[in-house]
Amino acid sequence: MATYSMGKKSITDIIIYGACFLILFIFICFIASKASDIFLLKKIYRKYYDANQLYKETQNFKITEEKIVIESESESVTLIKNKINRIRFDKDSIYIFTGLNSSYIIKERFFNNSAEFEKVKAFINDNYTK
């Protein structure tokens, strides 16, 4: 009858193998949880964006020295100069913040050409930034 011997393993070898297995298991769980979060967030964002009909409406902006009026088919918002917290500019966007978590965005693609966007950007910078 044949007998097989696995050889002697020291307690330190067993601890090292166990630690490697535990680290590998935690890493795989971490990657799996992040991957599911990313896919789930994309689905949730897409669901809410498609459900909000206001995003599909045409918006008209009227910008004067004292106020910015944003009108759409179902709503009208007037942003008075002293009620605007801050305005930030990006290469293709103007962000108008009215609160910590509230802002209005004017994108370059809303305009016929980039020169028109740059004029509006300069006008807002001259009249609304402090």
Side-chain angles (χ1 to χ4, degrees):
M1 186 174 232
T3 60
Y4 297 99
S5 172
M6 292 182 54
K8 293 186 179 182
K9 299 283 184 189
S10 69
I11 211 71
T12 56
D13 290 341
I14 294 171
I15 292 172
I16 291 172
Y17 292 138
C20 289
F21 175 76
L22 183 62
I23 290 171
L24 183 62
F25 179 74
I26 291 171
F27 179 74
I28 290 171
C29 289
F30 176 76
I31 295 298
S33 70
K34 291 300 175 188
S36 66
D37 287 348
I38 290 170
F39 293 121
L40 184 61
L41 287 175
K42 286 182 180 179
K43 288 179 183 176
I44 290 172
Y45 175 75
R46 191 176 306 123
K47 177 182 173 185
Y48 287 127
Y49 185 82
D50 291 341
N52 191 342
Q53 297 299 316
L54 294 176
Y55 292 143
K56 298 176 182 177
E57 294 180 359
T58 301
Q59 295 182 343
N60 296 311
F61 293 84
K62 296 177 184 172
I63 303 170
T64 66
E65 287 92 1
E66 295 299 319
K67 64 184 176 180
I68 299 172
V69 179
I70 305 168
E71 295 178 333
S72 68
E73 298 167 18
S74 61
E75 70 178 347
S76 176
V77 177
T78 301
L79 307 174
I80 301 170
K81 189 175 188 174
N82 61 357
K83 299 292 183 182
I84 295 173
N85 285 351
R86 69 180 185 268
I87 297 177
R88 296 287 184 248
F89 300 97
D90 199 353
K91 93 175 175 182
D92 66 343
S93 304
I94 302 169
Y95 303 95
I96 303 168
F97 293 92
T98 57
L100 290 175
N101 296 324
S102 177
S103 67
Y104 296 90
I105 303 172
I106 303 173
K107 301 292 281 181
E108 183 178 4
R109 68 175 183 257
F110 297 169
F111 295 89
N112 294 329
N113 55 46
S114 63
E116 188 177 340
F117 174 73
E118 291 300 324
K119 286 180 187 177
V120 171
K121 195 173 174 181
F123 181 82
I124 292 175
N125 190 32
D126 293 342
N127 291 291
Y128 285 89
T129 57
K130 296 171 182 145

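If you're wondering where the values come from, they're calculated on a predicted model, not measured in any experiment. The residues of the chain are indexed from 1 along the displayed sequence.
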Is [X] isolated, or which residues cluster with it under the ILVMFWY side-chain rule of less than 4.5 Å, directly or via members?
X	value
L24	I28
V69	none
L22	I26

Original post:
Who are the salt bridge (Lys or Arg N to Asp or Glu O under 4.0 Å) partners of K62, not counting sequence neighbours?
Top reply: E71
Original post:
Which heavy-atom pair separates I80 from K67 by the least distance, and what is that distance?
Top reply: CA-CB, 4.3 Å
**OP:** Check ring-ring contact (aromatic ring centres under 6.0 Å, His included) between F111 and all other residues, then give those that pass, not counting sequence neighbours.
**Re:** F117
Subject >> Under the side-chain hydrogen bond (donor to acceptor under 3.5 Å, both in side chains) test, residues paired with S76 that sit two or more places apart >> reply: none
**OP:** Could you tell me which residues satisfy side chain to side chain contact (heavy atoms under 4.5 Å, CB included) with N60, sequence neighbours excluded, listed by chain and number?
**Re:** T58
Subject >> side chain to side chain contact (heavy atoms under 4.5 Å, CB included) involving F89 - partner list, sequence neighbours excluded >> reply: I87, I94, K121, I124, N125, T129
**OP:** Find the distance between OH (Y128) and CD (E66) and round it off to the nearest 0.5 Å.
**Re:** 7.0 Å
Original post:
Okay, side chain of K81, backbone of N127: is any donor-acceptor separation there less than 3.5 Å?
Top reply: yes
Can I get a per-line list of side-chain donor-acceptor pairs under 3.5 Å for residues 95-109, giving both atom names and the distance, sequence neighbours left out?
| unit_1 | atom_1 | unit_2 | atom_2 | d |
| --- | --- | --- | --- | --- |
| T98 | OG1 | S102 | OG | 2.9 |
| K107 | NZ | S93 | OG | 2.7 |

